[in-house]
Amino acid sequence: MKGPGAGPASPEPGPASPEPGPASPEPGPASPEPGAARPGADPGSPGPDRADAPKVRLRGTRRPPTRTSRLLQNRWAGAAGLLVALLAPFVNATPYALSIMTSAAIFVMLAAGLNIVVGYCGLLDLGYAAFLAVGAYTSGVLATRFDLPLLATVPAVLVVTVLAGIVIGAPTLRLRSDYLAIVTLGFGEIIRITANNLDVTGGPSGIYGIPHLADGPVAFYYLTVAVVSLAVLGAARLGRSRLGRAWRFVREDEDAAEATGVNTYRVKLAAYIAGAIWGGLAGVLFAAHLSAVSPASFTFLQSALVLMAVVLGGMGSVPGVVLGAIVISLLPEVLRDLADYRFFLFGVLLIGFMLLRPQGLWPARSKEALRSEEALR
Amino acid sequence: MTLLDVTELRLSFGGLLAVDGLSLSVREGEIVSLIGPNGAGKTSVFNCVTGFYRPTAGRITLRGRDLRGLRPSAVAGLGVARTFQNLRLFGELSVLDNVRAGTHLWLRQSVLDALLHTPRYRRSEHECTEQAHHWLDFVGLRGDRYGPARALPYGEQRRAEIARALARRPGLLLLDEPAAGLNHGEKAGMVDLIRRIRDLGVAIMLIEHDMGLVMEVSERVVVLNFGREIAEGRPEEVRRDPAVIEAYLGGEPDA
């Protein structure tokens, strides 16, 4: 986890799931000699060895880790990320650093939510900030108008974001991907412009004086890390469930998924609603963090940045998008010394990343570890 | 007992009649082949039965239940499984995951189970994996099950796709050219596999161009040409049918 974000001023808050990724290859007792297992199991080797290959189950065959990333890809990486996030305030607890780290953690939650939609299910959403806005405004308006504590607004936020997800998803998810991208782009703008023009949302200046969720920035930081960790863990677990598999089937081949009995429409709607919930709850944290919400926070750029975090980290890979979100949110801060040139360099670095690692910093693997058997022990 | 009943099926794309008043039925546990020259409408029949195409007219019933207007996933839920003419595996996903897809319909697991990792989640995931292995064993897949499906050799991919279909526990399996692109030895293996599937009590409808395989494995053969049935019967009868020979060899209409 030594990303480019490990600058002097900002230790990385990396609230990662304790069990990231779809796999946890622990070197188990049953692993045979890696060399001996190879020839029979090699998918690339055509015909010749097949005739004399004994009819054995290859399920016990373990193959040696081929990359260092495979060593990292276990629950320890998630625990380590969480530990870094928990220890970060001991390294630097200035209000500025805490604010940056809290923002980064919220951004991680957004990326984890968008990853469900884009990474797992393959639906290109260009207006994801809209759900952040719906969550932030719902909780902000309710809290300031009715003097409610922010926590009390969470049920309402859930209801409203789920409704928003259904309203947008239900008519548009019948469309193929590129049309969906356009519609979500429009939806993002509609939400922002609506907030800009309504009285209840405070117009262009937004709403302010939103109550805090915790006493002091340190406590709020830890609260955020806790919520975001749960969100990341939840997203990872969804990805490894029956529904999570169905999302991947839809992403890979909608017709084949439908033929295997997956109701692709309902499954896509579920992904959209899950994404909306993650975004909406991040919105509550967002409102509490800034104590003010204004339309300027929910521009297309915000949606694009979240999408960038997902693509940069590795679509569909939970540890990947966590890493991507941290890089995207901290890199501009690390580059702050460069003044006006920092966004220029930010852009150059992103292009460089994508050229060198188009699959993402920590890509999802199509190779599966022997986890299912282990899950029972 | 009749499992699938198709009556007066008609399917047109604009002015083109792909299927023109076809009637056929498949009994429980029977192997029926659908043959005919290219473009005769065989795959269109499959697509109508499985809900991918909406027939222009006609009735399709499975165990007496009308299939018209159902989504493909709903048809699959009633016990119809299919494979595709040009393989439609989920290439980037592991072979096991591909077969796990077949368990989607009957696996009982809620979102809450998955989020909380309840005992039911663990049990269902275990069962799902066991079943996937079971069907991969059944089709005799030798390749790497944990690697991506696209890495399997072609013949193995055909088997993996059949395993995925079988994991659905169907009553009727539609195989669209399962032997296409297979070498001689692999074809023999396919004949054996099709028979073993039938022995499970699964009825099979087969589209195939390899006549050797069709004659060897089918109990009944239906011959299509231009969306119409031109012959039907036991393999040896159909083989001698003048209308069939003419359709295949392109004999003169009034020769």
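The chains referred to below are lettered A, B, ... by the order of the sequence lines, with proteins before strands, and numbering in each begins at 1.
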How many angstroms lie between atom [atom1] of [X] and atom [atom2] of [Y], to the nearest 0.5 angstrom?
X	Y	atom1	atom2	result
Leu115(B)	Leu233(A)	CG	CG	8.5 Å
Leu107(B)	Ser241(A)	CG	OG	9.5 Å
Leu243(A)	Asp113(B)	CG	CG	12.0 Å
Arg240(A)	Glu125(B)	CZ	CD	9.0 Å
Thr260(A)	Arg100(B)	OG1	CZ	14.0 Å
Leu93(B)	Arg251(A)	CG	CZ	6.0 Å

How would you list, by chain and number, every residue that makes a side-chain hydrogen bond (donor to acceptor under 3.5 Å, both in side chains) with Asp5(B), sequence neighbours excluded?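 In terms of side-chain hydrogen bond (donor to acceptor under 3.5 Å, both in side chains), with neighbours along the sequence ignored, Asp5(B) is linked to no residue.
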At a 4.5 Å cut-off on heavy atoms, which part of Phe52(B) comes close to chain A: side chain, backbone, both, or neither? side chain
If we ignore hydrogens and angles and just use 3.5 Å, is the side chain of Arg168(B) paired with the main-chain N or O of Ala259(A) as donor and acceptor?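 Side chain of Arg168(B) to backbone of Ala259(A), a donor-acceptor pair under 3.5 Å: yes, one is there.
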Give me the atom names and distance for the closest heavy-atom approach of Ala246(A) to His104(B). CB-CE1, 3.5 Å
Taking NZ, NE, NH1 and NH2 as the nitrogens, is one of them in Glu252(A) or Arg150(B) under 4.0 Å from a carboxylate oxygen of the other? no
Would you mind checking if Asp255(A) and Arg88(B) are paired as a salt bridge, meaning a charged N to carboxylate O distance below 4.0 Å?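 Yes, this pair counts.
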Can you give each donor-acceptor pair under 3.5 Å made by side-chain atoms of residues 64-77 of chain B, sequence neighbours left out, with the distance rounded to 0.1 Å?
unit_1: Asp66(B); atom_1: OD1; unit_2: Arg68(B); atom_2: N; d: 3.0
unit_1: Asp66(B); atom_1: OD1; unit_2: Arg68(B); atom_2: NE; d: 3.4
unit_1: Asp66(B); atom_1: OD2; unit_2: Arg68(B); atom_2: NE; d: 3.4
unit_1: Asp66(B); atom_1: OD2; unit_2: Arg68(B); atom_2: NH2; d: 2.9
unit_1: Arg68(B); atom_1: NH1; unit_2: Gly58(B); atom_2: O; d: 3.0
unit_1: Arg71(B); atom_1: NE; unit_2: Glu258(A); atom_2: OE2; d: 3.1
unit_1: Arg71(B); atom_1: NE; unit_2: Asn263(A); atom_2: OD1; d: 3.3
unit_1: Arg71(B); atom_1: NH2; unit_2: Glu258(A); atom_2: OE1; d: 3.0
unit_1: Arg71(B); atom_1: NH2; unit_2: Thr264(A); atom_2: OG1; d: 3.2
unit_1: Ser73(B); atom_1: OG; unit_2: Glu258(A); atom_2: OE2; d: 2.7

Is there a side-chain contact between Arg242(A) and Cys128(B) in this structure, where contact means two heavy atoms from C-beta onward sitting under 4.5 Å apart? no
